[in-house]
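Comments concern the structure below.
Here is how names work: the chains are called A, B, and so on, in the same order as the sequence lines, proteins then strands, and each is numbered from 1. Hydrogens, waters and symmetry mates are skipped; everything else that's a heavy atom, side chains included, is used. All values reported here derive from a predicted model rather than from experimental measurement.
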Amino acid sequence: MPVPKKVKICFLAVFILNVMMVAPAAPAQRPLLLTVAGTAPEARQAVAAAGGVVVQELRTCLLVTAPPAALSRLRSTGVRPEVIAAPAAGESFFLLHTELSSPLPVPQAGIRCRQLEEGLWLLQTTDVAFRSRLTQPYRLKALQLGETFPGPLDPAASPPTASGETAIAGTRPVEAIPELVAQVSAEQLRADILALQDFKTRFASTPQCEAAGEFILERFRQLGLDALAEPFTFEARYQSRNILAVIPGSVAPERMVLACAHYDSTSNNRLVSAPGADDNASGTAAVLELARILAGERFDFSIGLLCVSAEEWGLYGSAYYARRARQQGAGIVAVINLDMVGYPGDKQRVLDVIGDRQSEWLADRFIAVAQPFIGLSLFKVINPSLTWSDHSSFWDQNYAALCGIEDSDNPYYHQTSDTLETLDMEFAVEAVKASLAVIADLAQPLSTPAAPTGLRARSQVSAALFTSRKSVYLEWDAGRAALAGYQVYRAVRSHGPYQRLTTQASALTSFIDLLLLPDQAYYYVVSAVDEQGRESNFSAEVRDDENN
Amino acid sequence: MMRIISCRKFPATALLLVLGFLLGASLLPAATAPAPGAERRWSIGIAAGGFYPVQGAFRSIYGQPLWPLELQLGWALNDKLSLWAGARYLQASGSTILLQSVQPGETYVLRLQVLALRLGLNYWLGQGRIAPFLGAGIQHAFFREAWRDLPIEAQGQKTGFFAQAGGRWRLGRSLVALLQMEYSHLPGGKGSGAEETVDLGGLGLTLGIRAGLL
């Protein structure tokens, strides 16, 4: 009997449905690694709106992870995404800095390099031992593709020029700083560099590196500082430790100025000999010298002294510390990272001060405060692509950070010949003096009267249809001493320059700042004035919406 | 294009334009007078009614309904179509709203003025004493929003459209009453944050009267 046509169609439909039901589901689409040209806030907003995450800001572009579907959304907003990789399980990504024309002597299986900018490469690898196949010298930063970084703050605008207000520089003369700077000792620096060099190698993951960490921890404790070692795991199988000491602040201990250096080293024979005198026993010794001089002093804000490990592997120690600091809401005001401060080379004695856009205020402050105390030239460099040292880990977490580094090409860099004999201790002393002056200035030696505490700011926006204005409500705690009143200062850039808003000291512990531009961030500090007319240090700075 | 200004030129420019337009239009009928006995081709009218802004922030800031006033000059092209030109003026007082409130009670008094020059075409669906119509047109509006006692002001001009439906009731040979509903769209440009972009349009219900001229 012939099968009716309708029955055939029914069978066919049921068959197709069954095939569709048993067919494996399409695999979830892996996120892509993209570059997005430009670094303007609009590009970041477009990335976020398309479901992407900025993992690294560079000088000319953003490095972004995003689902494939985000590509068309990004293009529709006018940005120009370019797919550079489709990260797979087991693959690692690094930013690699090298002066060479290619990081690889010859093409290597399991390693892919793509040039992002001049001297900057994206390295993609499944080989855990890839480092031995790269051409020295190079500098690495491991990219954490699964993370969401806070990203930089909005660019600061020019300060308003309202009449009747007094422009105040971000820095204030602090009498105690010259005395502190005068205590920097070349002998002590030399002894500490030698002690670190004597560990033979401080390549992270080696026992000698851990012993160097123990040495630093013990030195901090000998100075009477509250110090601890924070262990962390990197590349899934290695362990090392960050060493941290804190000089607690007397007025606002939750605010911290951080001096930082990596104590691990590397070389062309790293498991046996990596003295790393310049890179970076010099920076580590600088932090130890800062600890020695500052340990007995009292400041408004806390001073952190941090020696991190596994920098040479890809900034793992600082990334671990900075990430945890952000998660815990640590109030890090500024980070001064010292990396290679002992080899001035043939050039004029120049110390580069490297920051990103949001750290420019810190670079300006560094130069303004430190220059009078030193015989070096300070050279400001604002370039977010300079990610090769630990300051970059703090940039990622939205902290203001800069790197102080010699402006020279050390021929012994990452060599077994990077030893104390090649260093210029006078240069190192000057670099430490500069850092000491800035850290003391930022942490503020105690003043009389004491700086006000508990400054809080809340802001609200009043809107019409076409225009709006912001109002900022400030409050702070009343001082214990007999005071004439308080002065209120405002800046449009973090850490000034500040403009005084009060015409005379007011006894009130609150202030309302009205009719401000709604899209501009404002920063406030207050000072106390005693009955003799003496003005205190500034309070800890707050952003206008910090307590909303 | 919208710009923030500090002077108070508005609505002098716009008023001059309106006066010029109405003067010119009033002279035109003399040249196009209808034959004796024909229905009057030219008319002048006035309309007023309630206006309900389409945007929530507009309503929150200035309340609702608002009360615009409109002057119109009409020209019957034939039995089915009539063209009209007019000027609609809206003035409202309001107060700012808080976008992120931490201190309730902080408000500022606002004043909004919108003068729209309008050109519309009506299609009459009947010829009787009572006749419905459909209409549509374009409008070019001059607007200004100012904060009272403060040098904060926004001013601009934008073009939009409107659509209408309503009916007339002929009261006599020269007098017609009009009742109409209207939807208007009038983009105002970038907003303050209360709205990303401002739409000064909305729904309107107006009652008007039109008198034949020639």
Side-chain angles (χ1 to χ4, degrees), chain A residues 40-42 45-46 48-50 73 76-78 154 157 160-165 454-476 488 490 501 508-524 542-548, chain B residues 2-6 53-62 66 92-114 143-156 158 186-201:
Chain A
E42 293 76 25
Q45 287 165 8
R73 290 200 291 269
S76 70
T77 57
D154 293 334
T161 51
S163 58
E165 295 183 348
L455 178 60
R456 304 171 292 282
R458 296 177 304 153
S459 64
Q460 66 183 11
V461 174
S462 298
L465 269 182
F466 296 99
T467 48
S468 59
R469 288 295 183 270
K470 187 192 300 194
S471 304
V472 181
Y473 293 78
L474 299 170
E475 290 178 300
W476 56 93
V488 179
R490 178 182 71 203
L501 302 179
L508 296 174
T509 56
S510 62
F511 185 85
I512 305 174
D513 199 11
L514 295 171
L515 300 172
L516 301 166
L517 297 175
D519 298 326
Q520 171 70 56
Y522 295 92
Y523 300 86
Y524 294 87
V542 291
R543 191 179 149 110
D544 58 61
D545 58 353
E546 195 153 315
N547 303 103
N548 272 24
Chain B
M2 196 191 81
R3 60 200 165 92
I4 308 290
I5 62 160
S6 58
V54 73
Q55 282 194 323
F58 196 161
R59 293 193 297 269
S60 300
I61 293 168
Y62 293 103
L66 305 173
S93 290
S95 56
T96 54
I97 55 173
L98 290 173
L99 299 187
Q100 38 179 335
S101 175
V102 298
Q103 194 73 33
E106 182 188 342
T107 58
Y108 301 90
V109 177
L110 304 170
R111 186 183 187 212
L112 175 71
Q113 293 166 285
V114 182
F143 55 87
R144 185 178 77 177
E145 185 184 48
W147 297 44
R148 195 176 75 184
D149 301 331
L150 293 169
I152 307 170
E153 195 169 279
Q155 174 177 283
K158 289 283 181 183
L186 184 55
K190 189 174 181 299
S192 65
E195 298 283 357
E196 285 289 305
T197 52
V198 174
D199 187 350
L200 292 170

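- With a threshold of 4.5 angstrom between heavy atoms, A:Ile512 does not approach chain B through any atom at all.
- For CZ of A:Arg456, the number of neighbouring non-hydrogen atoms (other residues, nucleotides, ligands) closer than 6.0 Å is greater than 12.
- Ring geometry, B:Phe143 versus A:Phe466: the interplanar angle falls under 30°, so the pair is classed parallel (tilted spans 30 to 60°).
- In terms of heavy-atom pairs under 4.5 angstrom with chain A, the leader among B:Gly94, B:Ser192, B:Gly193 is B:Ser192.
- When each of B:Arg144, B:Glu153, B:Arg148 is paired with B:Arg111, the side chain to side chain contact (heavy atoms under 4.5 Å, CB included) condition holds for B:Arg144 and for no other.
- In this structure, chain A has heavy atoms under 4.5 Å from both the backbone and the side chain of B:Val102.
- Checking side-chain atoms of A:Asp544 against main-chain N and O of A:Tyr522 turns up a donor-acceptor pair under 3.5 Å.
- Taking the six-membered ring where tryptophan is involved, the planes of B:Phe58 and B:Tyr62 are perpendicular, since the angle between them exceeds 60° and thus also 30°.
- Without hydrogens or angle criteria, A:Asp545 side chain to A:Arg458 main chain gives no donor-acceptor distance under 3.5 Å.
- Only the side chain of B:Ile61 comes within contact range of chain A, with at least one heavy atom under 4.5 Å from a heavy atom of that chain.
- Of the atoms belonging to B:Leu110, it is side-chain heavy atoms, and not backbone ones, that fall under 4.5 Å from chain A.
- In terms of heavy-atom pairs under 4.5 angstrom with chain A, the leader among B:Thr107, B:Thr96, B:Leu200 is B:Thr96.
- Within the 4.5 angstrom heavy-atom criterion, only side-chain atoms of B:Glu145, from C-beta onward, approach chain A.
- Of the residues considered (A:Ser468, A:Pro518, A:Ser462), A:Ser462 shows the highest number of contacts with chain B, using heavy-atom pairs under 4.5 Å.
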